[in-house]
Amino acid sequence: MATLEDIGVSATINIITAFAFLLAFAFLRLQPINDRVYFPKWYIRGERTSPRNSANFVSKFVNLNVKTYFTFLNWMPQAMRMSEAQVINHAGLDSAVFLRIYSLGLKIFLPVTIVALLILIPVNVSSGALFFLKKELVVTDIDKLSISNVRAGSTRFFVHIGLQYLFTFWTCYLLYKEYDIIASMRLHFLATQSRRVEQFTVLVRNVPHIKGHSTSETVDHFFQTNHPDHYLCHQAVYNANRFAKLVRKRDRLQNWLDYNQRKFERHPDKRPTRKSGCCGLWGEKVDSIDYYKQQVKAFDKKMALEREKILKDQKSILSVAFVSFSSRWGAAVCAQTQQSKDPTLWLTNWAPEPRDVYWRNLAIPFVSLTIRKLIISVAVFALVFFYMIPIAFVQSLANLEGLERVAPFLRKVVELRFIKSFLQGFVPGLALKIFLYILPAILMVMSKIEGHIAISSLERRTSAKYYYFMLVNVFLGSIVTGTAFEQLNSFLHQSPTQIPRTIGVAIPMKATFFITYIMVDGWAGIAGEILRLKPLVIFHLKNMFIVKTERDRERAMDPGSVDFPETLPSLQLYFLLGLVYAVVTPILLPFILIFFAFAYLVYRHQIINVYNQRYESGAAFWPHVHTRIIASLLISQLLLLGLLSTKKAANSTPLLVVLPVLTITFHQYCKSRFEPAFRRHPLEEAMAKDMLEKSTDPNLNLKAYLADAYLHPIFLTFEIEEQEKVEVRVDKHQAHHVASASPQISEFSSPSPPHHAYNDHPSSPSQYTYHPPSPPQYIYDPASFPNYSYGFEDQHGG
């Protein structure tokens, strides 16, 4: 059991680590050679030029302006300067709502922390119940600040119950207000969007096969018959997974060719060579440049043949189609209604935006999706319980006193004071963080196997799996496993009737472990996020060995995006810890507050300067966040109910039974009132936008606008490569501004026009010159929220 001294050691280590990361970031971001790593968002938008254009050779690499080093912390006020409307226009609604979750945490826990510390700490400390249990249990000073220190049957439990009601009502009030605001923001965001191909397009799955007719003919006939006034055209979907593999292999060969050509440019007196055998390990020694040129040329021929084969073979056309309509109203009607008397055929839904489509999964037969989801559910269940083994090991480190009682031979190993503090105060949180590092990647693979066809859906499903894992293993698993180790000796020497009492007392004792986890993950971990050490190293390696053209340099930046599958579940774990321990062990709350404030600042900076979102879902993830915060409230109430049942609080415990019922009722009300805004699109809004567009652009050729919008992006590969061949090569020490950077094309996404307008002209950090933004496509004005049929209040704040 970690003591106050152990917590102090952990806090010192994590504060020093976080400060070191921030100091390194503040220094590295000022260097011209790192500018594309720490400000890639502005380069992608075409609003920042490279500071390496200086005539001074040294200043191409090192910032020689001494004054800037005295203002190295100016990134903090700069991160707060952009308004929420500007953030939406700059980065999208997803990013803005993601930041609102952190501000929501601050709004919830700041008053909760003040009230809990001022009222509950004196109530708990003055009780002194643990003084009589020192010989039975492992007790620390932190436990004396918790509810465990209140005597059984005490009337003081009415204070804890009253505050549980107060905290629940306060949380629900803020959740209601936030749901109302975000739902209105989403509807306003969709209403003010510029023309987008997905507004007119519906994804149709499970198209029936009719003998003697191709899939395209079947789709065309069905929609001309059933939607004669609004059907415009459709895009057939090809099974191009094999072609995609050829593209990936060719890209690898092209990278090797680029590397060897660059190597030869640096040392023209010696041409690079390699062996012609597998992986260059054996065979005849050949010229590397000639070898890879021949390989690339051969793959070009294979790809051309495969592409022709796909386009000509009717069997390559899947029973899936992107159907486009002449109006948004027609697309909304089709997407939100049943098309056939057989509910398993002609399944329609809104098409994801082109860059959000996960093309590989479109080839999965619809009938296999249910089986796939069942198999993955079983696999996730097995994975959750498999991970209990390392979690148990981590908890054994967090509870050395309890482990020593079970295994006395380990006593000498941990006798040294500093080693004991280090093991208990820092290692458990770090070890758990390491065990969780690879988990999101595993869960993402599982979500892909399930067959979701949008990247946003994949990330939401992965986020759900990761949340369940965090709930079972990190939270419940840590409590149960830690209790088993810590209390084993006591269990073996007491009657069975006393075991529930021991467990009830031990639950709040796990707060010490969660405090160390918060400091490792929420303090040092967030500071590591802003440092971007991995992207920094990879960028310079690519710049050294691969980059030849400006397009190569743009691709090497790798700005990344908000990692929703990992950040949202971790964020929800902090809500869970705060709500559970607010009444049980309130000393944990200040650590939660520091996390929310620090993370809000860091992610705001990253969203403004670094991240380039792969898609825009219009905050479709918010209902899941709301539901899981409600789940955290219910868990906190049930745990408190179970804890008080071991405290002989028969008079006060029944008062808590009503609270979960009220919380569930509140959740159902919010779901029925606000969730339709995230599941349906109002026909009223669709018709209004159609009429406005007809009056402002009556000669619009919509069919030409929608043509090839949903063509598999790998079919565009040859065109892009031809453009690359005529690009001017640049020296690795030079960089010329490109006004419009093209996004990287992959099998996961296709290019899409900019999604947002740039309002009020937010600017790139002012150290360097930048070009003015292009004309906005729409202006997001939060002061003019329209009235919607869902009855949302006309407000924006909080």
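- Other residues, nucleotides and ligands place no more than 12 heavy atoms under 6.0 Å from the NE2 atom of His221.
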Checklist entry - Could you walk me through whether Thr218 and Val207 pass the side chain to side chain contact (heavy atoms under 4.5 Å, CB included) check? => result CA-CA 8 Å; Thr218 303; Val207 176; 4.2 Å; yes
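- By the 6.0 Å and 45° rule, Arg48 stacks over the aromatic ring of Phe39.
- For the pair Lys41/Tyr611, no side-chain contact is recorded, criterion being any heavy-atom separation below 4.5 Å from C-beta on.
- No donor-acceptor contact under 3.5 angstrom links the side chains of Tyr238 and Asp313, judged on distance only.
- Under the 4.0 Å criterion applied to side-chain N and carboxylate O atoms, Glu616 and Arg196 are not assigned as salt-bridge partners.
- Under the 3.5 Å distance criterion, the side-chain polar atoms of Tyr43 are left unmatched by any main-chain donor or acceptor of Met557.
- Taking the side chain as every heavy atom from C-beta outward, Phe539 and Leu536 never approach each other to under 4.5 Å.
- No more than 12 heavy atoms of other residues, nucleotides or ligands shown are found within 6.0 angstrom of CD on Glu284.
- The shortest side-chain heavy-atom distance between His624 and Gln572 does not fall under the 4.5 Å cut-off.
- Residues Asn473 and Val384 are in side-chain contact: their nearest non-hydrogen atoms beyond the backbone lie under 4.5 Å apart.
- Between Glu198 and Trp350 there is no side-chain heavy-atom pair separated by less than 4.5 Å.
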Item to check | Trace of the side chain to side chain contact (heavy atoms under 4.5 Å, CB included) decision for Tyr603 with Glu529 | outcome: CA-CA 9 Å; Tyr603 279 113; Glu529 174 69 26; 4.2 Å; yes
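- Using bins of under 30°, 30° to 60° and over 60° for the plane-to-plane angle, the ring pair Trp346/Phe222 lands in the parallel bin.
- Taking the six-membered ring for Trp and thresholds of 30 and 60 degrees, Trp256 and Tyr259 have ring planes more than 60 degrees apart, a perpendicular arrangement.
- For the atom pair CG (Leu257) and CD (Gln294), the distance works out to 11.0 Å, reported to the nearest 0.5 Å.
- The side-chain contact (heavy atoms from CB on, under 4.5 Å) test with Pro623 is passed by exactly one of Arg628, Arg679, Arg460: Arg679.
- Counting heavy atoms from C-beta outward, His209 and Ser319 have side chains that stay 4.5 Å or more apart.
- When only modelled atom types and interatomic distance are considered, Thr337 and Gln339 share a side-chain donor-acceptor pair under 3.5 Å.
- Considering every non-hydrogen atom in both Leu702 and Ser326, the closest pair reads CD2-O, 3.4 Å.
- A donor-acceptor pair under 3.5 Å is formed between the side chain of Gln613 and the backbone N or O of Val562.
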Next on the checklist: One pair to check against side chain to side chain contact (heavy atoms under 4.5 Å, CB included): Phe366 and Val320. What are the steps and the verdict?
Outcome noted: CA-CA 9 Å; Phe366 183 81; Val320 181; over 6 Å; no
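- Under the 4.5 Å side-chain criterion, counting only non-hydrogen atoms from C-beta, Lys302 is not in contact with Arg250.
- Under the 3.5 Å distance criterion, the side-chain polar atoms of Asn361 are matched with a main-chain donor or acceptor of His452.
- Residues Phe98 and Phe621 place their aromatic rings such that the two centres sit no closer than 6.0 Å.
- At least one donor-acceptor pair closer than 3.5 Å links the side chain of Asn34 to the backbone N or O of Leu28.
- Looking only at distances, a side-chain donor or acceptor of Asp287 sits under 3.5 Å from a matching main-chain atom of Asp290.
- Judged by the 6.0 Å distance and 45° axis criteria, Arg271 is positioned over the aromatic ring of Phe264.
- With hydrogens and angles ignored, the 3.5 Å screen pairs no side-chain donor or acceptor of Asn609 with any backbone N or O of Tyr38.
- Between Ser463 and the choices Asp563, Leu568, Leu458, Leu443, the side-chain contact (heavy atoms from CB on, under 4.5 Å) rule is met once, by Leu568.
- To the nearest 0.5 angstrom, Leu362 atom CG is 6.0 Å from Ile453 atom CD1.
- If you take CZ on Arg205 and CG on Leu345, they are separated by 13.5 Å, rounding to the nearest 0.5 Å.
- Shown here for Arg532 and Pro559, the closest heavy-atom pair between the two residues is NH2-O, 3.2 Å.
- Between the side chain of Thr273 and the main chain of Lys285, no donor-acceptor pair closer than 3.5 Å is present.
- Of all the heavy atoms in Ile310 and Ser316, the pair that sits closest is O-CB, 3.5 Å.
- Ser288 places a side-chain N or O within donor-acceptor distance of the main-chain N or O of Arg274, the cut-off being under 3.5 Å.
- A donor-acceptor distance shorter than 3.5 angstrom exists from the side chain of Gln336 to the backbone of His681, with no hydrogens or angles considered.
- Atom CD1 of residue Ile449 and atom CD1 of residue Ile376 lie 4.5 Å apart, to the nearest 0.5 angstrom.
- Here the closest heavy-atom approach between residue Tyr615 and residue Ser456 is recorded as CE1-CB, 3.4 Å.
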Next on the checklist: For a ring-ring contact (aromatic ring centres under 6.0 Å, His included) check, start with the C-alpha distance between His234 and Phe223, then their side-chain angles and the critical distance, and finish with the verdict.
Outcome noted: CA-CA 9 Å; His234 75 276; Phe223 283 96; 8.3 Å; no
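- Of the possible donor and acceptor atoms, one in the side chain of Gln199 sits under 3.5 Å from a partner among the backbone N and O of Ser194.
- Shortest non-hydrogen contact noted between Ile317 and Ser216 is CD1-OG, 4.4 Å.
- Shown here for Leu706 and Phe200, the closest heavy-atom pair between the two residues is CD1-CB, 4.1 Å.
- The closest side-chain heavy-atom distance from Leu203 to Tyr710 is not below 4.5 Å.
- The CG atom of Asp356 lies 8.0 Å from the OG atom of Ser617; values are rounded to the nearest 0.5 Å.
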Next on the checklist: Between Leu383 and Lys465, does the side chain to side chain contact (heavy atoms under 4.5 Å, CB included) criterion hold? Intermediate values first, please.
Outcome noted: CA-CA 10 Å; Leu383 181 66; Lys465 294 179 180 66; over 6 Å; no
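- Taken from CD1 in Ile375 to CE in Met446, the straight-line distance is 11.5 Å, to the nearest 0.5 Å.
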